[in-house]
Amino acid sequence: MPQKKTVFLETHNINNRATGLGTFNYELIKGLEQLSFENLELHLNSGDPDLLKSEFGDKFIYHKYWTINRYKIFRSFNKFDLWHSVNQNSKLEPRKTTNYLLTIHDVNFVEEISKDMNHKRNQLFIEKLKRATAITYISEFAKKQTHDYFDVPKIPEYIIHNGNPISTVLDTSDFTTNIPLDKPFFYTIGDFIERKNFAAIVNMMKHIKDYNLIISGNDTKTYGAVIKKLIEDNGLKNQVFLTGRVSDKAKQFYMKNCTAFLFPSIREGFGLPPIEAMSFGKPVFLSDKTSLPEIGGDAANYWTHFDPEYMKDVVFEGLHNHESNKFENEMLIKQRAATFDWKIAAAAYLKVYNDILF
């Protein structure tokens, strides 16, 4: 029997499941666990490898991630047949030359940090591009954005859409919350960073009286303070509520029970939360920026700009259209969400591994 080829997945971001990258790492591993790959030996990287092993058993080989491994002289001495850098931001690289697969979620850092190609952040990414044997992108937009800013080498490139993180619908009947639920509510969830554009929907709520807005995510960040001040300054403390980080059960409760899901983000390489909400048949309202139209397709509603009264009009027109044929619309929304499947995505990554190695 020929010796198995070794693949190292640089998955240390799995330590923070509250972020998009953490979710990506976990869901990719979970998708791979459901598949057969007898010709490959997959190695995972994590700050808590015992936790992964307790869930996935002997399907993978586990490595302990240490922050010090990011520095060149402390990189691993192990030689793998393929190194998969599962996101473009990882500072951990192989010590020895090997096949290298780079997954690109976005290159927002060019627009948010510096467009100077000599900037350290851009130089680190350029080094990854030069090292790459092949590239996968999580959306057509991510590919276009990368080509817009960088000289991409002429190597195989693949588009592999993310799957829907909600693979199991939880029983939320016993969930309790301190957030008042006396009014119908809109919901959103995401990292509290400026590109998520939560300020736009808070400002919209100044023009809406009969609904509440609930926002979940790590609101202890700097942008969280901005949003809290905006809520207070506009007298919305009894109408706009921040939950902080939430469990999967809490997230599903809010998605199941919201009137609509709002996602005004101005920069997304993909955008997982809208798919999660769509899996419950909820009308979603997205900005028309970057990758979001690619994800929502014809099943979503879009804002083209962020004037508060205009945003309110789009929401209520969309809700009216949704309610006019609710059953059929819910089915179309759920069907759209079902096209994003982590098992399918994981199978596509396995095919890329095999394309490179065999």
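None of the values given here were measured: they were computed from a predicted structure.
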| Flag if over 12 foreign heavy atoms under 6.0 Å of CG, Asn238 | no

| Near-ring test Phe24/His105, centroid separation under 6.0 angstrom | yes

| Ser173-Asp171 side chain donor-acceptor pair, cut-off 3.5 Å | yes

| Residue pairs involving residues 308-324 (criterion salt bridge (charged side-chain N to carboxylate O under 4.0 Å, His left out); sequence neighbours excluded) | Glu323-Lys326

| Glu38 bridged to Lys4 by N-O distance under 4.0 Å | no

| request: Share the residues that join Ile155 in a hydrophobic cluster, the rule being Ile, Leu, Val, Met, Phe, Trp or Tyr side chains under 4.5 Å apart at the heavy-atom level. | output: Phe8, Tyr65, Phe80, Trp83, Leu92, Tyr100, Leu102, Ile104, Val107, Phe109, Val110, Ile113, Met117, Phe125, Ile126, Leu129, Ile135, Tyr137, Tyr149, Phe150, Val152, Ile159

| task | Apply salt bridge (charged side-chain N to carboxylate O under 4.0 Å, His left out) to the pair Asp191 and Lys221, showing each step before the final yes or no. | result | CA-CA 9 Å; Asp191 202 9; Lys221 294 186 174 183; 2.8 Å; yes

| query | Which residue pairs satisfy the salt bridge (charged side-chain N to carboxylate O under 4.0 Å, His left out) criterion with at least one member in residues 254-283, sequence neighbours excluded? | reply | Glu111-Arg267, Glu112-Arg267, Lys196-Glu268, Lys251-Glu276

Which donor-acceptor pairs under 3.5 Å do the side chains of residues 50-57 make with protein atoms, sequence neighbours left out?
residue, atom, partner, partner atom, Å
Ser54, OG, Leu51, O, 2.6
Glu55, OE1, Tyr26, OH, 3.4
Glu55, OE2, Tyr26, OH, 2.5

| query | Do other residues, nucleotides or ligands put more than 12 heavy atoms under 6.0 Å from the NE2 atom of His320? | reply | no

| Can you list every side chain to side chain donor-acceptor pair (under 3.5 Å) pair that touches residues 285-302, not counting sequence neighbours? | His161-Glu294

| said: Phe185: which residues meet the ring-ring contact (aromatic ring centres under 6.0 Å, His included) condition with it, sequence neighbours left out? | reply: none

